[in-house]
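Below, chain A is the first sequence line, B the second, and so on; all start at residue 1.
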Amino acid sequence: MNVTIVDYNSGNISSVINSFKEVAKDKVNLDVTSDLNKIKSSDKVVLPGQGSFKSCVDALNNISGLVDTLNEFAIKNKKPLLGICVGLQMFADIGYEETETKGLGWISGKVSKINNQNGKYKLPHIGWNQINIVKESKIFKGIENNSHMYFVHSYEFIPEDKNAISAITDYSSNIVCSVEKENIFGTQFHPEKSDKTGLKIIDNFINL
Amino acid sequence: MLKNRIIPCLDVKNGRVVKGINFVDLQDAGDPVEQAKIYSDGGADEICFLDITASNENRNTIYDVVERTSRKCFVPLTVGGGVRSIEDINKLLNCGADKVSINTAAVQNSKVVEESSKKFGSQCIVVAIDAKQKDDKWEIFTHGGRNNTGIDAIEYAKKMEDSGAGELLVTSMDRDGTQVGYDIKLMSKISSMVNIPVIASGGVGNLDHLVDGIKLGNASAVLAASIFHYGKHSVKEAKEYLDSKGIPVRI
């Protein structure tokens with residue numbers, strides 16, 4: 001099986017690479033690339049993302065044909081794709097970080113700043129928080145409800161289609177921290193930095 | 001609910017741990033990678049390396065340490081010490097660091113913080129503030145606490161938040177190494193002034209000091225070095241103690 005981590009200059013992805021390498025061992029052929037043909041022929045794709053919504057969307061658009069290739073992979077061919085952090089946020093129609101920016105539009109909704117209740121909650125939301133699994137998701141197989149995951153973000157994805165939400169976490173309000181819509185998966189938290197439970201999620205995705 | 005974090009810190013010099021855990025079952029007690037792994041297996045919420053390598057020719061040793069650690073530890077890794085430029089940050093992140101802490105360079109030129117947080121995202125930029133009390137104020141020190149800048153620490157903290165720092169690592173130079181506890185006033189003052197998380201550092205001698213750092217200092221995370229070394233306390237013990245005092249921790 002071929003798994004591709006999309007390297008589109010979205011910031012620091014070495015931890016994502018290391019965690020997938022750790023889980024994949026020799027079972028899986030892992031590529032880290034923005035090569036369109038490699039992505040097309042992949043069985044699964046991982047879309048990481050760090051920095052702002054705008055900088056990640058810009059970086060995707062900077063690689064000619066990449067967005068079309070991802071659309072073909074996830075929407076037309078319905079092959080499994082996992083978005084992590086801003087990778088998940090980009091599923092939205094629109095994001096409001098820095099300036100209004102169009103997203104991939106795969107799961108209808110918007111990405112806006114977490115309401116910190118006038119400074120009552122520190123931003124970014126950094127650290128370990130518990131996830132409340134609200135629907136069965138294939139990537140949560142063997143993951144206990146209320147498991148701790150590592151978060152770093154100031155913006156949240158608010159999907160219109162509530163059925164896509166697979167887990168929420170409590171920080172100032174109920175924040176969507178995981179989605180599953182058909183073949184599209186996403187986590188707001190960082191499974192690659194969430195120790196053994198995080199690696200289990202990566203393992204679940206690889207074994208889909 | 002978001003948990004308070006416990007962050008063990010290891011001083012690394014020329015690629016070796018200076019003060020270490022000193023467990024008997026370690027194959028190589030001086031290897032930062034092995035010690036980091038023990039911490040992360042023991043429930044550390046993050047790991048911090050402080051590179052205190054003095055000579056320039058040995059600087060590269062930290063990159064190798066970070067690279068090997070990030071292949072074994074799957075909790076966030078922060079690396080600081082001698083970080084001067086965007087290139088330094090880029091190199092550390094590429095080796096597998098999740099966050100980089102900037103100290104002297106941020107004081108000398110806040111553009112380093114502005115530019116790096118823009119380029120890599122605020123989430124990976126930690127500004128380390130070394131402060132010493134003078135009358136009823138605190139002043140910033142640089143170069144590992146050797147140079148007094150005269151800059152007001154509280155105002156500087158605010159400025160660093162505005163420049164794009166994702167977190168502040170605040171060390172009291174008066175308390176560092178004394179084991180008498182954090183400078184609670186300094187921590188709570190900075191924490192109330194900024195909207196980003198504050199990591200308390202400097203002075204931890206027992207587990208109650210960790211409790212105070214969070215309860216009285218309002219720190220989001222507590223960093224400690226020596227209490228975790230030589231097996232005095234394990235991270236697990238520390239967490240269980242905090243839990244018994246009603247502090248939310250990941251257990």
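Between chain B and the options A/Asp195, A/Ile126, A/Asn146, heavy-atom pairs under 4.5 Å are most frequent for A/Ile126.
Only the backbone of B/Asn94 comes within less than 4.5 Å of a heavy atom of chain A; no side-chain atom from C-beta onward does. Contacts of B/Ser191 with chain A are made by both backbone and side-chain atoms, with heavy-atom separations under 4.5 Å. Heavy-atom distances place the side chain of B/Glu167, and not its backbone, under 4.5 Å from chain A. For a residue to count as touching a neighbouring chain, one of its non-hydrogen atoms must lie under 4.5 Å from one of that chain's; by this rule B/Ile199 does not touch chain A. Contact of A/Glu192 with chain B is made through the backbone alone, with heavy-atom distances under 4.5 Å. Of the atoms belonging to B/Arg250, heavy atoms from both backbone and side chain fall under 4.5 Å from chain A. No part of B/Ala221 comes within reach of chain A, as not one of its non-hydrogen atoms sits under 4.5 angstrom from that chain. At a 4.5 Å heavy-atom cutoff, the contact between B/Ser40 and chain A is made by backbone atoms alone.
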| Step-by-step side-chain contact (heavy atoms from CB on, under 4.5 Å) determination, B/Gln123 to A/Gln50 | CA-CA 8 Å; B/Gln123 84 288 337; A/Gln50 282 205 347; 2.9 Å; yes

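Separating the CE atom in B/Met1 from the CG atom in A/Asp170 is a distance of 8.0 Å, to the nearest 0.5 Å. A distance of 6.5 Å separates CG of B/Leu77 from NZ of A/Lys193, quoted to the nearest 0.5 Å.
Within 6.0 Å of the NZ atom in B/Lys189, the count of heavy atoms belonging to other residues, nucleotides or ligands does not exceed 12. Heavy-atom neighbours of B/Lys72 NZ from other residues, nucleotides or ligands within 6.0 Å: at or below the threshold of 12.
Here the side chains of A/Lys196 and B/Phe74 are not in contact, with every heavy-atom distance at 4.5 Å or above.
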